[in-house]
Amino acid sequence: MNYRVFLQYEFTIIGLDEYLEKIRHHESEELTTQIAAYLDNVFDVTALMKDAEISHAALERVQEVEDELSHAQERVRNTENAALGKIACLENRLTDLSKERDDLRVLHEHTDHELSTLRRTYTQKDEESRRLLTAKMGELEHLQQRIRSDSGGSDLAHSGTALSFVAADPSQKVSTDFLPPPPPPPPPPPPGFGVGLGVGDGKRSHLNGATPGGLSFGRDQSFVPPPPPPGPGMPDSALGAFTIKRKVNTKHKLPVLNWIVLKPNQVKGTIFSELDDEKILSTLDFSQFEESFKTGQSGRGVSIHSTGSDQVDSGGGGDQALTPSKLQFKRAEKVSLLEANRLRNLAIMRRNIELTTDEVVFALNNFDMHLLAQDYIEVLLRIMPSEEEIKKYKEYDREKKPVDVLTDEDKFLLQLTSHVERLVQKLQIMNFINTFQTSVGVLTPQLQAIFTASRAVKKSDRFRKVLELVLAFGNYLNSSRRGPAYGFKLQSLESLLDLKSTDRKTTLLHYIAQTVQDRYPDILHFDNDLIFVDKAAEVSLENVITDIHELDKGMEMTRRECDMKKPPNSLLCHFIQEHEPKLAQLQKEQRIAVDAFSEIAEYFGESRRTVQPKDFFLSILRFTKAFNAAEEENNFRRLRLQESLEHSPSNMSRVRTVKKKQDAVVSELKNKATNIKERKLMPQDEVYNGALEDLLLGLKNEPYRRADALRRSQRRKDGATMSQVMGEFDL
């Protein structure tokens, strides 16, 4: 195109355009055709330049938008991490408040029980004391009447004085010579009255010589309340017993769902002990389900094979260990204590450190992070000498051998090993200090994701209802052959897609999704409750625990180095004082996340030792995605069914008309494609003698036009340029 533009410019310079403008009204049709072809092949350089500028501006704008989008995504990611941290803190606070509330509730119940017991005891003792006091007053009145009737006036006055004295002060002893023998004891209280309240003991102590006032209630006895009655719905037998589930008898032979069931003793305390699949079995109508999933009459059932784990053949042999090269750098004046490959790699890595050996030694001894950057520290960690190499360099230095004969790389390692004590430890400490904040920032969101996802899965009532439906359908399929199941492993949810109906068009998961949409629409979109499950599925808890353990070892190494260095290094002491609480907080979050996942794993019948958070949450994530996909497919099938019902015979004529129009458009496109093919260059295998002459004769009859050429008149009519299009492109 550049060459053609150059020729067009040359033609313009020599005045071809003006000459063609003069002869454009010539009578020769052949000349007019050639002029029109030339004008059609002319490039509009101004429009091309304008389009190039606009496209360049558009590309710059696209780059700016992509940069803004990347910044927005980064802000969204930071916002998610901040929200995750706040949710984790709120969940921890909620857990602490729940425990405190439960403790206060237990204390309140215990206090209420003691208070009610004391009130009941006080009431009974008060009634007993009043009853005894009334009885004593009756006895005194009776004695007073007898004394009045038997003795004279003086004796009566003396007895009245004595009785009044006894009534006024029951603690004072009265001589039994003035009193008649006591009357027989009152009848015992009715059965069950005053048991454990000390009433009987008070009566017994009075008869054995207690005060006549009868205000002594005997020895204090602790009140033991009767055991509470069993709760409603609980059998009188052991509370942990399970009801034996009945088998479901089906009309047709159904396929078997290969799931991993839990034993009855494993279900206790899990989510499956709270599910009632028998209620669903008695509520739903499974007749249509049997018709959809029944096996063939010939006995050939739907064979469902559980997806096993892929066997990966690692291949024991094949790779042979590369033997180190025996070639050494042939330098007569230089000696190396290293192997050739090791020396070559060390020379390459040493070039990345733009510091002298003395500066490196000074930075290592003083923990100077500004002089020795993190990139240099990583390089030094890669080229650090081994224990055997350190022994060689120390022996070489101890024997006072000449240093000048060594290579530059050997001199570098010799100075490091001889002038820096605990070289490897110091490098590890400096690397730990530089990467500590980054490591904490990476590990904290991962632990918070596991904790938040565990709490969300456990508190989701809609997900629990979906599992209840799965258990009901699975028992309906398997109970007649394998017996009813009390629970199942979460990895069994993947087998719902493997079991297909009789017509092989739908799966058990599609049927369950349709049942949820028809009968239980309130539990749709249950995946909205399972927040941060996708993030927890990407976390390897073992690696996180290992990284935190490495951080703990690095902090211990830093603390030991700070204690050993005299005087203590201010940088190390400041780092320990500032970042040790952060490590303690990270370890606390690790314990919280591990406890939360252990709780949710046991709640779903899994073992913390055998299942990892990544596998656990990945099973839930895959199930939610498969469930949503099945729901979308069901909706698509429903729409297709409605469209097929709408196509009645009255609409067939309209369909035929549309089809005719489509056929006409297709035929027109074919004709245009044929014309375009005819204008293309002749293939190489069709070139023959005289082909060039035929082409020249063809050009005389019909001039050449380039494929993207437009008539100038058409360009004038077409006012929509690229600039106008970009003007409408509003971002």
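Note that this is a predicted model, so its numbers are computed, not measured.
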Peer 1: Strictly below 4.0 Å, N to O, side chains only: are Glu64 and Arg61 in salt-bridge contact?
Peer 2: yes
Peer 1: Should the heavy atoms of other residues, nucleotides or ligands under 6.0 Å from CD of Gln585 be counted, would the total exceed 12?
Peer 2: yes
Peer 1: Please report the shortest heavy-atom distance between Thr356 and Arg350, naming the atom on each side.
Peer 2: C-NH2, 4.2 Å
Peer 1: Show, in sequence, the C-alpha distance, side-chain angles and deciding distance for Lys614 and Glu538, and conclude whether the salt bridge (Lys or Arg N to Asp or Glu O under 4.0 Å) test is met.
Peer 2: CA-CA 6 Å; Lys614 186 175 183 180; Glu538 300 174 356; over 6 Å; no
Peer 1: Give a yes or no on this: more than 12 heavy atoms of other residues, nucleotides or ligands lie within 6.0 Å of atom CD of Glu60.
Peer 2: yes
Peer 1: Check the side chains of Arg75 and Asn78 for a donor-acceptor pair under 3.5 angstrom, ignoring hydrogens and angles.
Peer 2: no
Peer 1: Which heavy atom of Val261 sits nearest to which heavy atom of Ala485, and what is that distance?
Peer 2: CG1-CB, 3.5 Å
Peer 1: Is Thr452 reaching over with its side chain to a backbone N or O of Ala449, donor-acceptor style, under 3.5 angstrom?
Peer 2: no
Peer 1: About how many Å separate NZ of Lys582 and OG of Ser439, when rounded to the nearest 0.5 Å?
Peer 2: 12.5 Å
Peer 1: For residues Asp410 and Thr407, is any side-chain donor paired with an opposing acceptor at under 3.5 Å?
Peer 2: yes
Peer 1: Tell me if a side-chain donor or acceptor on Ser495 pairs with a main-chain N or O of Ser492 at a distance below 3.5 Å.
Peer 2: yes
Peer 1: Would you name the heavy atoms of Leu364 and Lys426 that are closest together and state the gap between them?
Peer 2: O-CD, 3.6 Å
Peer 1: To check you understand the geometry: which heavy-atom pair defines the closest contact between Thr624 and Leu530, and what is its length?
Peer 2: CG2-CD1, 3.8 Å
Peer 1: Please determine whether side chain to side chain contact (heavy atoms under 4.5 Å, CB included) holds for the pair Arg77 and Glu74, giving the CA-CA distance in whole Å, both sets of side-chain angles, and the decisive distance to 0.1 Å.
Peer 2: CA-CA 5 Å; Arg77 187 162 50 251; Glu74 185 177 0; 4.0 Å; yes
Peer 1: Would you check, one step at a time, whether the test salt bridge (Lys or Arg N to Asp or Glu O under 4.0 Å) holds for Asp102 with Lys99?
Peer 2: CA-CA 5 Å; Asp102 295 338; Lys99 291 181 180 179; over 6 Å; no
Peer 1: Does this structure show an ion pair linking Glu389 with Arg342, if we count only N-O contacts that are shorter than 4.0 Å?
Peer 2: yes
Peer 1: Looking at Gln266 and Lys263, would you say the former's side chain and the latter's main chain have a donor-acceptor pair under 3.5 Å?
Peer 2: yes
Peer 1: Using the ring of each side chain (for Trp, its six-membered ring), is Phe604 parallel, tilted or perpendicular to Phe272, with breaks at 30° and 60°?
Peer 2: perpendicular
Peer 1: May I have the step-by-step check of side chain to side chain contact (heavy atoms under 4.5 Å, CB included) for Val360 and Leu380, ending in yes or no?
Peer 2: CA-CA 10 Å; Val360 173; Leu380 290 174; 4.0 Å; yes
Peer 1: Is the shortest heavy-atom distance from the side chain of Lys588 to the side chain of Arg591 under 4.5 Å?
Peer 2: yes
Peer 1: Just wondering, do Ile87 and Leu90 contact through their side chains at under 4.5 Å, heavy atoms?
Peer 2: no
Peer 1: Any side-chain heavy atom of Tyr396 within less than 4.5 Å of one from Leu406?
Peer 2: yes
Peer 1: Below 4.0 angstrom, N of the basic side chain to O of the carboxylate: do Lys465 and Glu468 qualify?
Peer 2: yes
Peer 1: Report yes if some heavy atom in the side chain of Leu541 is under 4.5 Å from a heavy atom in the side chain of Asn543; otherwise report no.
Peer 2: no
Peer 1: Give a yes or no on whether a salt bridge exists between Arg559 and Glu580, defined as a side-chain N under 4.0 angstrom from a carboxylate O.
Peer 2: yes
Peer 1: Assess whether atom CD of Glu578 is packed by more than 12 heavy atoms of other residues, nucleotides or ligands within 6.0 Å.
Peer 2: yes
Peer 1: Report the C-alpha separation of Leu524 and Val516 in whole Å, then their side-chain angles, then the decisive distance to 0.1 Å, and conclude whether the side chain to side chain contact (heavy atoms under 4.5 Å, CB included) test is met.
Peer 2: CA-CA 7 Å; Leu524 284 173; Val516 170; 3.7 Å; yes
Peer 1: Calculate, to the nearest 0.5 Å, the distance between atoms CG and CD1 belonging to Leu413 and Ile390 respectively.
Peer 2: 9.0 Å
Peer 1: Mind checking the CD1-CD spacing from Ile548 to Gln446? Nearest 0.5 Å is all I need.
Peer 2: 9.0 Å
Peer 1: Is the shortest heavy-atom distance from the side chain of Phe623 to the side chain of Leu509 under 4.5 Å?
Peer 2: yes
Peer 1: Ring-plane angle category for Phe575 and Phe432, please: parallel below 30°, perpendicular beyond 60°, tilted otherwise.
Peer 2: perpendicular
Peer 1: Does the side chain of Glu274 come under 3.5 Å of the side chain of Tyr603 through a donor N or O and an acceptor N or O?
Peer 2: yes
Peer 1: Could you tell me which non-hydrogen atom of Leu467 sits nearest to which non-hydrogen atom of Leu275, and how far apart they are?
Peer 2: C-CD1, 4.2 Å
Peer 1: Under 4.0 Å between a Lys/Arg side-chain N and an Asp/Glu carboxylate O for Glu556 and Lys553?
Peer 2: no
Peer 1: Could you measure the distance from the CG atom of Leu551 to the OG1 atom of Thr558? Nearest 0.5 Å is fine.
Peer 2: 10.5 Å
Peer 1: Does the side chain of Tyr376 pick up a donor-acceptor pair with the side chain of Asn352 at under 3.5 Å?
Peer 2: no
Peer 1: Is the closest side-chain donor-acceptor distance between Asn431 and Glu378 under 3.5 Å?
Peer 2: no
Peer 1: Roughly how far, to the nearest 0.5 Å, is the CD atom of Gln415 from the OG1 atom of Thr357?
Peer 2: 5.0 Å
Peer 1: Under 6.0 Å from the CZ atom of Arg609, do we count more than 12 heavy atoms belonging to anything else shown?
Peer 2: no
Peer 1: Any side-chain heavy-atom pair from His510 and Asn634 closer than 4.5 angstrom?
Peer 2: yes
Peer 1: Check whether any side-chain heavy atom of Leu469 sits under 4.5 Å from a side-chain heavy atom of Ile523, and report yes or no.
Peer 2: yes
Peer 1: Salt bridge check: are Asp96 and Arg93 linked by an N-O gap of less than 4.0 Å?
Peer 2: no
Peer 1: Judged by atom type as modelled, is there a donor-acceptor pair below 3.5 Å linking the side chain of Ser70 to the main-chain atoms of Asp67?
Peer 2: yes
Peer 1: Are any of the side-chain heavy atoms of Ile353 and Asp375 separated by less than 4.5 Å?
Peer 2: no
Peer 1: As a test of understanding, state which of Lys458, Lys459, Arg462 forms a salt bridge (charged side-chain N to carboxylate O under 4.0 Å, His left out) with Asp529.
Peer 2: Arg462
Peer 1: Could you give the distance from CG (Asn366) to CG (Leu571), rounded to the nearest 0.5 Å?
Peer 2: 10.5 Å
Peer 1: Looking only at heavy atoms, which two atoms of Leu447 and Ala593 are closest? And how far apart?
Peer 2: O-CB, 3.6 Å
Peer 1: Does any donor atom in the side chain of His549 or Thr546 lie under 3.5 Å from an acceptor atom in the other side chain?
Peer 2: no
Peer 1: Using the benzene-type ring in the case of Trp, are the ring centres of Phe597 and Phe451 under 6.0 Å apart?
Peer 2: no
Peer 1: Given the rule in the side chain to side chain contact (heavy atoms under 4.5 Å, CB included) test, do Phe488 and Val470 qualify, once you have shown the distances and angles that lead to the verdict?
Peer 2: CA-CA 10 Å; Phe488 57 88; Val470 173; 3.8 Å; yes
Peer 1: Which one of Ile531, Ile450, Thr95, Asn92 satisfies the side-chain contact (heavy atoms from CB on, under 4.5 Å) criterion with Arg455?
Peer 2: Thr95
Peer 1: Using 4.0 Å as the upper bound for N to carboxylate O, is an ion pair formed by Glu561 and Arg422?
Peer 2: yes
Peer 1: Can any side-chain N or O of Gln448 pair as donor or acceptor with the backbone N or O of Ala88 at less than 3.5 Å?
Peer 2: no
Peer 1: Any salt bridge between Lys489 and Glu606, counting N to O under 4.0 Å?
Peer 2: yes
